[in-house]
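Take a look at the structure set out below.
Atoms within each ligand, like the ligands themselves, are counted from 1 in listed order.
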Amino acid sequence: MLHKLIQILLLGIFLAVSCSEPNSTVSSAEQVLFAEHIAPIIHQNCTKCHNPNGAAPFSLVSYDDIAPKAKLIAYVTEKRLMPPWPADPSYTHFANETYLTDEQIMLIKRWSEEGCLAGDTAALVQPEIVEKTWSKTKPDLIVKIPEPIKVPGNNSDLFLVVKVPFELPKDTIIRAIEFVPGNKRLVHHVNTHIVQFEPNKKRSLHEGKYLVNQDQTKSTQIHKELGLLNDDGSYAPMTPSVSNYLPGAQFSFYPDEIGGFRIGKKNAFYLNDMHFGPSAIEQKDSSYYKIYYGTKEPKRPVKEFQIGTLGLAPVEPALVVPANEMKTFHIKFNVPSDISIVNIVPHMHLIGKRFWAYAIKPSGDTIRLIRINDWDFRWQYFYMPKTMLKIPRGSTIYVEGDFDNRASNPNNPFSPPRVIAEREGSMKTTDEMFQLILSYVSYQKGDEFISLE
Ligand code: HEC
């Protein structure tokens, strides 16, 4: 990982020369101008993270922010490193996708090569810099992380599982839950579940630890250490994936009638896989949740199933990647009833390289799900289809994944490479996982036409 950072830094220095000398042979009619052509692309696709309060380490708002980085911007857009969107847009499109078209990438490149001409910057409308991550709708309840989380200044990624207990005066219908990061530069991604206790089965929500380090705790011990078991040692029911966060990902409500659930008085958020990016100095994070209540009884709760590691269908062959090898694995699953997919979540760790999922209908037709040609563990997106995606009963879902355990992979956590495997469902980042998680509702006629945008 350190390799990658150094690579990026060197690249930054190498490309940090500003714009090329203007090329006088280009006629003014053809000139690419910042104000007219480039600002709209950057403001629409980059500024939501690249602003003074955003997740990215520098701003891309004004001409003076952008022009000195023109070559680097041309490079990262051409390589499709930015904006981060790992899914291959030539395979499937999603409601929440952000990527640049080939024409936009060309324009940026030309602008940088033609000397970064400004154009009429005075006429530029300043972009509205809202992190679109959270809505402006007023929440019914705010629940904070009990204590600020300390992130050490050791330049390494930190992966935690965190418990956030909360009590309600009565049974309540929840329409949506939104995660708001405290320290946007640090919080990288979070996947939240809710543990729901029956009041007579749990005395105190505050026993046990508030957080454990995911890389140092056996997954079978996590609930116990966090005090999340019932008083008799049994597991309390958990509603999965009630909220997911990733920088730049837009928070959204599902369409009416879809989603929503009822919870009782005693609950705890279970922040699975809370990832903090590396920091050179010790910092703190106080993230919180906004909860939106519903008024109508939830009709079509969103359910989820996972296949692969810890899931309903195994990884084949067993997920063991020998040192210095690149290896392909498969998952195969038969869909037992008609379902409508609302979210597709591929999951691998550091040495994941390629992820490809599709379904074959009983008729033999293929339903494309997702293809990621260059997996990046830092961008663990939840991919929402543009409309609800029907998978008929009897279809088979196929997942194929490559893992690259060679020294040439800059994300390899070990040097020299060591055998890397899936171990008892260990969530350690240096162990591997290969999973496809699908959020769905039972199919109803007409779902294919319900937009998720
Ligand atoms: C989802 C949030 C997000 C969006 C959208 C985004 N960036 Fe970034 N960008 C980041 C973060 C975070 C980093 C820091 C490095 C990293 O984590 O990859 C970064 C790093 C960069 C870098 C430095 C890369 C390097 O190798 O040194 C450049 C240049 C950049 N972004 C340009 C852009 C451009 C241009 C766009 C729009 C076309 C864009 N970014 C959109 C979050 C974003």
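When each atom of ligand 1 is checked for a heavy atom of Ala56 under 4.0 Å away, the hits are 9 (N), 10 (C), 11 (C), 12 (C), 42 (C). Using a 4.0 Å cut-off to heavy atoms of Leu72, the atoms of ligand 1 that qualify are 29 (C). Close approach of ligand 1 to Asn45 is summarised as follows: ligand atoms under 4.0 Å from at least one heavy atom of the residue are 5 (C), 37 (C), 41 (C). Listed by number with element, the atoms of ligand 1 under 4.0 Å from a non-hydrogen atom of Ile73 are 35 (C). Ligand-side atoms of ligand 1 in range of Phe58: 21 (C), 22 (C), 23 (C), 28 (C), 29 (C), 30 (C), range being under 4.0 angstrom from any heavy atom.
Panel note: side chain Asn405, backbone Val321; a donor-acceptor pair is recorded below 3.5 Å. Looking only at distances, no side-chain donor or acceptor of Ser112 sits under 3.5 Å from a matching main-chain atom of Arg110.
When Val212, Leu160, Leu211 are each tested for a side chain to side chain contact (heavy atoms under 4.5 Å, CB included) with Thr217, only one passes: Val212.
Between Arg378 and ligand 1, at least one pair of N/O atoms sits closer than 3.5 Å.
A donor atom on one side chain and an acceptor atom on the other are not found under 3.5 Å apart for Asp64 and Ser62.
Residue contacts to atom 8 (Fe) of ligand 1: His50 brings an N, O or S atom closer than 2.8 Å.
Evaluated by nearest non-hydrogen atom to atom 34 (C) of ligand 1, the leading choice among Gly277, Cys46, Pro278, Ala55 is Cys46. Among Ala70, Cys49, Ala74, the residue whose heavy atom lies nearest to atom 2 (C) of ligand 1 is Cys49.
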Lys353/Asp404 under salt bridge (charged side-chain N to carboxylate O under 4.0 Å, His left out): CA gap, chis, key distance, verdict: CA-CA 6 Å; Lys353 187 67 194 153; Asp404 182 356; 5.1 Å; no
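Looking only at side-chain heavy atoms (C-beta outward), Leu312 and Phe333 come within less than 4.5 Å of each other. Under the 4.5 Å side-chain criterion, counting only non-hydrogen atoms from C-beta, His189 is not in contact with Asn244.
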